[in-house]
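The structure under discussion appears below in the form of structure tokens.
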Amino acid sequence: MIIICNFAVMEKEEKYKLLTAQVKSLIQGETDTVSVMANISAAIHEEMGFFWTGFYVVKEKENGEGKELRLGPFQGSVACMHIPFGRGVCGTAWQRQKTIIVPDVEEFPGHIACSSLSRSEIVVPVFNESNEVVAVLDIDSRDLNTFDEIDKKWLEEIVKLLTK
């Protein structure tokens with residue numbers, strides 16, 4: 001039996017339910033974090049149609065003086081490669097250790113504009129088993145007010161799959 005789903009007419013919640021199941025199946029048994037992040041980025045980007053979808057990973061600075069977020073696997077246009085702790089939406093989500101939804105990036109203090117086409121954003125921290133932020137999932141939209149509590153709920157569920 002073949003079931004065909006038209007994501008264009010589904011409610012957001014239903015799209016996320018199917019996406020989460022797809023991601024679980026896609027990464028089951030995989031141990032390479034970069035590969036898993038790459039496929040999660042691609043799945044979210046393709047199914048949800050966002051402007052930019054990707055990960056920034058917490059890494060030691062090359063000069064050895066602390067840590068920063070470094071560009072990881074993503075889908076979309078070119079992006080910032082280094083983000084300091086507490087700067088921009090990504091650095092702030094890392095610092096606060098919580099998801100941040102930004103309806104209008106122009107109104108976010110210290111927003112780092114990697115692309116002038118980005119209008120709204122959601123950033124979801126990725127935690128390890130010790131409850132430390134090891135990465136963030138960053139998603140941008142070309143439209144204002146794209147993200148809400150439904151996105152937050154499901155994207156937080158998806159990033160939890162990285163530590164299972």
Side-chain angles (χ1 to χ4, degrees), residues 3-8 10-60 67-83 85 88-102 105 112 114-115 117-143 146-164:
I3 299 173
I4 299 173
C5 296
N6 183 351
F7 281 146
M10 285 185 183
E11 295 293 325
K12 186 190 284 192
E13 188 96 32
E14 288 302 311
K15 287 173 78 171
Y16 272 118
K17 283 180 186 176
L18 289 173
L19 174 61
T20 302
Q22 176 189 5
V23 168
K24 281 180 186 176
S25 176
L26 186 64
I27 67 173
Q28 184 177 13
E30 295 297 329
T31 58
D32 184 273
T33 304
V34 172
S35 298
V36 169
M37 287 180 171
N39 270 336
I40 289 174
S41 297
I44 294 170
H45 194 75
E46 288 297 314
E47 298 302 336
M48 301 305 288
F50 297 128
F51 172 62
W52 196 94
T53 308
F55 288 91
Y56 282 92
V57 181
V58 176
K59 300 263 187 179
E60 289 290 329
K67 295 182 178 184
E68 65 182 356
L69 290 171
R70 275 212 220 125
L71 182 61
F74 72 94
Q75 298 284 311
S77 58
V78 298
C80 302
M81 294 182 62
H82 305 268
I83 298 177
F85 183 75
V89 183
C90 291
T92 302
W94 174 25
Q95 180 182 45
R96 294 181 185 170
Q97 298 187 3
K98 68 177 194 170
T99 299
I100 297 178
I101 297 171
V102 181
V105 296
I112 301 170
C114 296
S115 170
L117 298 176
S118 176
R119 302 295 313 276
S120 61
E121 186 171 1
I122 186 169
V123 178
V124 182
V126 178
F127 297 93
N128 65 12
E129 297 84 9
S130 303
N131 209 32
E132 300 167 316
V133 176
V134 293
V136 297
L137 171 62
D138 179 22
I139 303 177
D140 293 14
S141 171
R142 290 180 186 232
D143 301 314
T146 297
F147 305 103
D148 57 24
E149 291 298 313
I150 293 171
D151 299 283
K152 178 181 184 289
K153 170 188 161 186
W154 287 99
L155 293 170
E156 286 176 349
E157 284 301 312
I158 289 170
V159 301
K160 284 180 189 173
L161 298 171
L162 283 163
T163 55
K164 290 186 178 180

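For the single chain, residues carry numbers from 1 onward in sequence order.
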Give a yes or no answer on whether the side chain of S120 reaches the backbone of D143 with a donor-acceptor pair at less than 3.5 Å. yes
Could you state the interatomic distance from CZ (R70) to OH (Y56), rounded to the nearest 0.5 Å? 12.5 Å
Between D140 and E121, does the side-chain contact (heavy atoms from CB on, under 4.5 Å) criterion hold? Intermediate values first, please. CA-CA 4 Å; D140 293 14; E121 186 171 1; 3.3 Å; yes
How close do V23 and A43 get, counting heavy atoms only, and between which atoms? CG2-CB, 4.1 Å
Quick one, T99 and I122 - any side-chain contact, counting heavy atoms below 4.5 Å? yes
Between atom CG of L19 and atom CD of E157, what is the distance when rounded to the nearest 0.5 Å? 12.0 Å
What pairs of donor and acceptor atoms, side-chain ones from residues 33-42 against any protein atom, are under 3.5 angstrom apart with sequence neighbours left out?
residue : atom : partner : partner atom : Å
S35     : OG   : D32     : OD1          : 3.0
S41     : OG   : M37     : O            : 2.9
S41     : OG   : P73     : O            : 3.3

As an exercise, state the distance from CG of L161 to CD1 of I27, rounded to the nearest 0.5 Å. 4.5 Å
Quick one: list whatever passes ring pair (Phe, Tyr, Trp, His ring centres under 6.0 Å) with F51, sequence neighbours left out. none
State, yes or no, whether a side-chain contact exists between T53 and E46 at a heavy-atom distance under 4.5 Å. no
Taking the side chain as everything from C-beta on, heavy atoms only, tell me whether V133 gets closer than 4.5 Å to F127. yes
I need the D151 CG to M48 CE distance, nearest 0.5 Å. 6.0 Å
Separation between OG1 of T146 and CZ of R119, rounded to the nearest 0.5 Å: 9.5 Å
Pick one: which of V57, D138, V58, V123 meets side chain to side chain contact (heavy atoms under 4.5 Å, CB included) with L69? V58
Contact summary for S77 and W52, nearest pair of heavy atoms: O-NE1, 2.9 Å
Can you confirm whether V136 sits close enough to V124 that some side-chain heavy atom of one is under 4.5 Å from a side-chain heavy atom of the other? no
What I'd like to find out is whether the side chain of L155 reaches to under 4.5 Å of the side chain of I44, using heavy atoms alone. yes
Check: E47 and K15 side chains under 4.5 Å, non-hydrogen atoms: no
Could you grab the distance from atom NZ of K67 to atom NZ of K59, nearest 0.5 Å is fine? 11.0 Å
How would you list all residue pairs meeting ring pair (Phe, Tyr, Trp, His ring centres under 6.0 Å) that involve residues 27-50, not counting sequence neighbours? F50-F147
Within-4.5 Å side-chain heavy-atom neighbours: I100 and T92: yes
Side-chain donor or acceptor of S130 paired with backbone N/O of E132 under 3.5 Å: no
Lys/Arg-Asp/Glu bridge criterion (N-O < 4.0 Å) met for E156, K152: yes
Closest approach of P125 to V159 (non-hydrogen atoms, all atoms of both residues): O-CG2, 3.6 Å
Is a side-chain donor or acceptor of S25 paired with a backbone partner of Q22 at a separation under 3.5 angstrom? no
